[in-house]
Engineer: 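One structure, as structure tokens, below. Some questions next.
One-based numbering, in listed order, for ligands and for the atoms of each. What you are looking at is a predicted structure, and each value in this text was computed from that prediction instead of being measured. The residues of the chain are indexed from 1 along the displayed sequence. In what follows, every heavy atom counts, from backbone to side chain, and hydrogens, waters and symmetry copies are set aside.
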Amino acid sequence: TRVFLSQSVILWSAMQVHGFVTSYNTNEEWVARAVGDACIRLHLADEQVCRSITELFRDDFIRALQESLLWPSEACGVLVGPSCGKFDIYAPWNITLPKVPKPPVTPPTPPKPGSPQSRILFLTDIHWDQEYEAGSSADCKEPLCCRKDSGFPSWRRREAGYWGTYGKCDLPLRTVKNLLENAALAGPWDWVYWTGDIPAHNIWSQTRNQQLTELKVISRLIHKYLGPDVIVYPAIGNHESTPVNSFPPPFVHGNRSSSWLYSAMAEEWSPWLSVQALKTLRRGGFYTMEIQPGLRVVSLNMNFCSRENFWLMVNSTDPADQLQWLVTVLQASEDKGEKVHIVGHIPPGLCLSSWSWNYYHIINRYESTITGQFFGHTHLDEFQMFYDEPTMTRPLGVAFIAPSVTTYINLNPAQPSCLRLELCWYVVY
Ligand SMILES: [Zn+2]
Ligand SMILES: [Zn+2]
């Protein structure tokens, strides 16, 4: 899916480079048709997927191009890579760190035996497929199979299982419910991190209404199974929006802005989040909250670091001032002697490089304050290390990347948990 998407974006860019897209409004239809044709001719996907996806992306993409005032070579640079042209999205930028000197580092020590523990459940990448159908084909031409439209296999081909399937398949609701039921039994949990990607991978045929239904159904299920006393701290995944990865920063207003999504999230998550947290969530999709005295969580909207969020062509410098805000939060925590966990969807190592390096500086400066980082998105059980910048030899932080609930692609469903603060005893079920 990723490859397919970036290829169709390259097509858009190629058309831009060759001057096809001169007057967007009059030529929009024509451009969408031409890109759809090229997608079919180059066998990037089958006809119906090609048509739907160009249709779905057309308006947002053209609007972003219009606002970005890119020259063709710059558009090519951002979409194809530095070999094709140079663009600002790769230009370096720097957040400002406060003048307060970094406090001396004391090496972390394991907690004494018998010190208090908390149990944290960590959920990510559920990817519920409303159209999952047991018995349908697990091998199909589309980017997502095991659905009503995937067809039914002949006797020698693989078919979608009842609970899920190894293949290009997401999950039926019963599997999500079963996982939550068992997660509840494995409790009690003190709190939950939930790092996004709720909808399925049928990115060529999603509507805002479907995305919102999935958000509501899954948020309410988590609430129901884990109970009203367990607070869940969600973060926004790249699949929550449609078109996928399309997260306009707050400078975009009106119907193309993300407010259709963020305000629904604020409504669904209001049982868990504070009034102040809901306020920044509505504005930029990120927030901070005190979990308990001495511990705070920061939930970042990592779509503002994403290479695939084409709105960043307009301006990629600290979108929504999120990292500058993070520094303010961390400085306040350092002043109070509070520890901070960071949660988000896309791991920082996969971000646009300037975003990534700014984040790395922040982790360096606040290494004694940040005691945990939790991400998802890759669907794999991984971690990323942070080292001290002067020597790049002393490890000072680790980002845990949790495996997905969905089986997409060829995976077992998983759900890790973490036992408390300074040291995270990390267990994957
Ligand atoms: Zn995912
Ligand atoms: Zn993702």
Engineer: Evaluate the pair C351, C305 and indicate whether the two SG atoms are within a distance below 2.5 Å.
Structural biologist: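 Judged by the SG atoms alone, which are under 2.5 Å apart, C305 and C351 are bridged.
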Engineer: For W128, enumerate each residue passing the ring-ring contact (aromatic ring centres under 6.0 Å, His included) test, keeping only those at least two apart in sequence or located in another chain.
Structural biologist: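 Once residues adjacent in sequence are excluded, W128 has no partner under the ring-ring contact (aromatic ring centres under 6.0 Å, His included) criterion.
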Engineer: In terms of heavy-atom contacts, does NZ of K148 have more than 12 from other residues, nucleotides or ligands at under 6.0 Å?
Structural biologist: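 More than 12 within 6.0 Å, yes.
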Engineer: The Zn ion (ligand 1): which protein N, O or S atoms are under 2.8 Å away?
Structural biologist: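 The answer is D125 OD2, H127 NE2, D197 OD2, H379 NE2.
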Engineer: Among T165, N202, T406, whose side-chain hydrogen bond (donor to acceptor under 3.5 Å, both in side chains) with D170 holds?
Structural biologist: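 Result: among T165, N202, T406, T406 is the only option passing the side-chain hydrogen bond (donor to acceptor under 3.5 Å, both in side chains) with D170.
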Engineer: Once the angle between the rings of F374 and F400 is folded into 0 to 90°, is it parallel (under 30°), tilted (30 to 60°) or perpendicular (over 60°)?
Structural biologist: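 Parallel.
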Engineer: Are the side chains of W269 and L215 in touch, meaning some heavy atoms are under 4.5 Å apart?
Structural biologist: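 In contact.
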